[in-house]
Amino acid sequence: QVAAPTTPRRLTHSPLRERGGGSPQKRGALLAAMPSRPPIEMGLYDPAKYSAAARGGGGGVIMAKEKVQEFSKTATETELKIIATGETLTIPVMTATTVWDIKELLSERLGVEPTSLQFFSKQGCYIREQKDSEEIRRNVTVKGIRSFERARMEYPHPLAIIGAGHIGLRQAMIFMKAKEFNFVIFDRKPKVGGAAWWDQANTTSKLQTELGVYHLNFDETLPPPKDDYPWPSRDALLEHFDEKAREYGIMPYIRFTTNVAEIAVHGSKENTTYDLTLQRADGSSDAEETFTTSGIMLYPGNLSVARRETYKGEESFGGIIAYGMFNEIDYNILRGVSVAIIGHGAFAVENVRTCLEYSAGQLYLVCRRKNLSCPRFVSWLANQSVTPVSAALFLNAMQPMYDLVGFDPWSYYAVQANAARTSCTLMQKARFGIGDVYFLAISWGKLEVIEDKLGVKRLSEGALHCGNGRRLEVGAVLKLLGFIGNFENDRLMKIKEMVGFWVNEDPKRYLVAEPISVMASNLGGTSFSPAAIAWAEQAMWFMHYPKDFFSKVLEQSYGLMPRHKTNGDDVPAYVVDARHGTQTMMIVNSMIPWLAQRSTIEVGIKATRMWTLHPIEKFIQYCKEDWDYYCNRLRKEGLSGPEFPYTLEVAGKYLKAYEAEHQAANERAAGGGAKAS
C-alpha cells in the first residue's frame with residue numbers, strides 16, 4: 001500500500017518541533033491544540049470564494065477563483081532507519097506524503113504515540129529534524145522506537161487454553177505460527193477432539209458441511225487434506241485431529257484428563273494474573289494443583305447440555321425412548337421399528353439419515369415449527385463464495401430440493417422477505433441442518449414431517465399423541481430437543497457480562513462458543529474452520545497487545561461493542577447469538593488492521609480449498625452417489641421416488657447467478673473506491 005497524504009499540506013512549518021519553541025508547558029499546550037492535520041481553512045483557500053454567488057448561481061458579484069495548488073502523487077519509496085539498532089524499513093509513498101503521514105502509519109503499526117517519534121534527514125552537510133508538515137525525504141533516520149516490529153506484552157506466566165477441540169487446537173497452531181510457545185492446553189478428555197465430537201455426536205454421525213472448510217490445515221501456509229470425500233465420519237474426524245496435533249507438535253503442550261475447577265483473578269487490566277485450580281478428571285486422585293497463568297482462552301464447545309423433557313405417559317409407552325445423541329442408543333434395535341423423531345434441528349435431520357442406514361420402519365418428524373434445512377449443494381455454494389451469497393439466492397438455490405417435497409422455503413417463519421421475493425433476511429433460532437437425505441426420505445414416502453404448534457401431548461402404549469389430536473403408532477421415540485448452554489462456564493470464568501467475546505472487559509479472559517442461530521441477509525458459509533481461525537487470531541492479538549483492547553476496542557467503538565448477560569433462566573452469559581458474533585468481528589476488524597487483513601486472506605483460503613477439494617463436477621457426483629445409495633435401500637423396501645434434482649446443468653445455473661452477484665459486488669466496491677478517491 002502507498003502511504004498517501006490524508007489532506008493537502010497547508011503549513012510551511014510545525015510549531016511542535018521548532019527548536020527553542022518555548023517552555024514545556026507551552027509546547028504541551030500547542031500539542032494538545034494541534035489537530036492531526038491542519039483543517040481546510042488554514043491557508044489553502046477562502047471557502048467564501050466558492051459560494052453559490054461566486055459560482056454565478058445566486059446573483060451577486062462573481063469572484064475570481066483562486067488556482068488550487070496541486071501536489072505530486074508520483075509513487076516513490078522512503079527508507080526509514082532506526083538510530084538505536086540500524087534496522088531499516090522501506091515504505092512506498094507519494095512525493096507529497098508528509099512526515100506526519102508516516103508517523104501516523106508507524107503509530108498504527110507499532111502502537112506508539114506519533115508525537116513520540118522524531119525523523120532526521122541529511123540536508124547538505126547537516127543533519128536536521130524534519131517538521132511534521134514537510135514532505136518525507138527519501139532517506140530518514142527515526143528516533144523514538146527500537147524496532148519496526150511491535151513489541152509484544154511480556155508475561156511472567158504461561159497462557160492457558162482450556163479445551164483441546166477444534167478451536168483449542170487451532171489456537172495452539174496460531175500461537176506456534178507466531179513463535180509464541182509459552183502456553184499450556186488443559187482438557188478433561190484423554191484425547192484431542194472436543195466435546196462436540198466425543199460426547200454429543202454418535203458413532204454414526206458425519207460432518208454435515210464440507211471437509212474443504214472443516215479441517216486443521218485451514219491456513220495459507222499448509223496444504224489441503226489429501227482426501228476429497230466431503231463428509232467424513234465422526235471417527236475419521238477424531239483421527240484427523242489426533243494426526244494433526246501430533247504432526248504439528250501440539251501434544252507436548254496438552255495436559256489431558258485435567259479439569260479446571262476454579263479460577264481466581266488477581267490484579268487488573270493488562271497486569272491481571274489468574275490462579276487455576278486443577279483436578280484429575282478421571283478421578284484417579286483427589287489431589288489439587290494450583291497453576292498460575294497470565295491469560296485464559298476457554299473453548300467449551302457450543303451448547304453442551306441436552307435439552308431434556310419428560311412426556312406424560314412415558315411409563316406406559318412400552319417402546320424405546322431415548323435421546324438421539326451421546327451414543328445413548330444402539331440404532332440396531334430400531335431395525336423395522338417405526339420411529340418418531342422429536343425436533344427439527346441439525347441433530348434431528350442427522351437422525352433421519354441414521355435411521356435410514358439402520359433400516360428403521362416408517363419415520364415421523366414431529367416439531368412445533370419447521371426450520372430451514374439446507375441441501376448439500378446450497379451449503380457448497382455458500383462455502384465456495386468470495387463475496388457472500390445473498391439470502392435470496394440462497395433460498396432460490398434450495399428450490400429444486402424443496403420442490404420434491406412440496407414445501408416453500410420462502411414461507412418459513414425464519415424468512416423475512418419483500419413481496420417480490422428478491423430480497424430477504426434469514427432469522428432462525430437454530431442453525432441449519434445440512435443434508436439431502438431429509439428431502440429424499442420425505443419425497444420417497446419414508447418420512448412424514450408433522451408441524452404441530454402444540455407439540456407432543458402425551459404417550460400411550462405403542463403410540464405418540466400430538467397436540468392437534470393426531471395419533472402416531474410408533475415403537476420408538478427419539479428426542480432431539482436441542483442443546484442449552486452450561487452455566488458452569490459462567491461460574492468458572494466469573495462472568496458478569498460478555499463484551500464481544502471477552503469476559504467483564506478483560507482482554508485476557510477470552511471465551512468463544514460458536515454463536516447460536518442464523519441472522520443474515522448474506523451468507524458467506526456454513527462451516528466452522530473459517531470462524532475458528534479468525535477467533536484464534538483475535539484472541540492472540542489481544543493477548544499480545546492487551547492495551548489495544550482498552551484504547552481501541554472499548555474507547556473507539558463508542559459503545560457499539562455488543563454486550564450480553566445471562567437471562568437467569570436457560571441462557572448463560574457466554575451463549576451469544578449470531579448478531580452478537582458478527583457485530584463483534586466487524587468492530588474488532590475495523591479497529592485492528594492486521595485482523596482485517598487476515599479476514600480477507602481467510603476468505604481466499606475458503607474459496608480456494610473448496611475448489612481444490614470439491615470442484616463442482618466432482619461434488620455433484622458425490623451428492624448423486626450418496627442419493628442413489630439411499631434410493632437403492634428404499635427400493636428394497638418397495639418404495640419409489642424422484643432422482644437427485646441437482647444435475648450439473650441445474651447447479652451451474654445457480655453458480656452463474658452467484659458469479660453475477662460477485663461481479664456486481666466487485667463493481668460496486670470499485671465504484672465506491674473511485675468516488676472516495
Exactly one of Tyr299, Phe291, Phe256 clears ring-ring contact (aromatic ring centres under 6.0 Å, His included) with Phe186, and that residue is Phe291
Please lay out, stage by stage, how Asp577 and Lys429 fare under the test salt bridge (Lys or Arg N to Asp or Glu O under 4.0 Å). CA-CA 9 Å; Asp577 62 23; Lys429 292 187 68 175; over 6 Å; no
Item to check | Arg609 (side chain) donor-acceptor with Asp219 (main chain) under 3.5 angstrom | outcome: yes
Open item on the list: Please check: side-chain N/O of Asn202 versus main-chain N/O of Asn327, any donor-acceptor pairing under 3.5 Å?
Closed with: yes
Original post:
Quick one: are the ring centres of Tyr510 and Phe542 less than 6.0 Å apart?
Top reply: no
Parallel, tilted or perpendicular: which describes the rings of [X] and [Y], with under 30° parallel and over 60° perpendicular?
| X | Y | answer |
| --- | --- | --- |
| Trp541 | Trp594 | parallel |
| Phe549 | Trp502 | tilted |
| Phe528 | His166 | perpendicular |

Strictly by modelled atom types, are [X] and [Y] linked by a side-chain donor-acceptor pair under 3.5 Å?
| X | Y | value |
| --- | --- | --- |
| Glu87 | Ser147 | yes |
| Ser284 | Asp282 | yes |
| Glu210 | Trp380 | no |
| Thr209 | Asn383 | yes |
| Tyr253 | Asn182 | no |
| Asn504 | Asp506 | no |
| Thr258 | Arg280 | no |
| His614 | Asp228 | no |
| Thr526 | Ser379 | yes |

ask   = Taking it one step at a time, do Glu239 and Lys244 satisfy salt bridge (Lys or Arg N to Asp or Glu O under 4.0 Å)?
value = CA-CA 9 Å; Glu239 183 180 341; Lys244 296 306 173 184; over 6 Å; no
Discussion item. Between Arg170 and Glu537, does any side-chain N to carboxylate O distance fall below 4.0 Å?
Written reply: no
_Strictly below 4.0 Å, N to O, side chains only: are Glu262 and Arg491 in salt-bridge contact?_
yes
Using the side-chain contact (heavy atoms from CB on, under 4.5 Å) rule, take Tyr358 and Thr204 through it: C-alpha gap first, then chi angles, then the decisive distance, then the call. CA-CA 10 Å; Tyr358 284 87; Thr204 57; 3.2 Å; yes
Which of Glu350, His344, Arg353 passes side-chain hydrogen bond (donor to acceptor under 3.5 Å, both in side chains) with Tyr438? It is His344
Please evaluate residues Met498 and Val575 with respect to the criterion side-chain contact (heavy atoms from CB on, under 4.5 Å), reporting the C-alpha separation (whole Å), side-chain torsions for both, the decisive distance (0.1 Å), and the verdict.
CA-CA 9 Å; Met498 292 297 296; Val575 176; over 6 Å; no
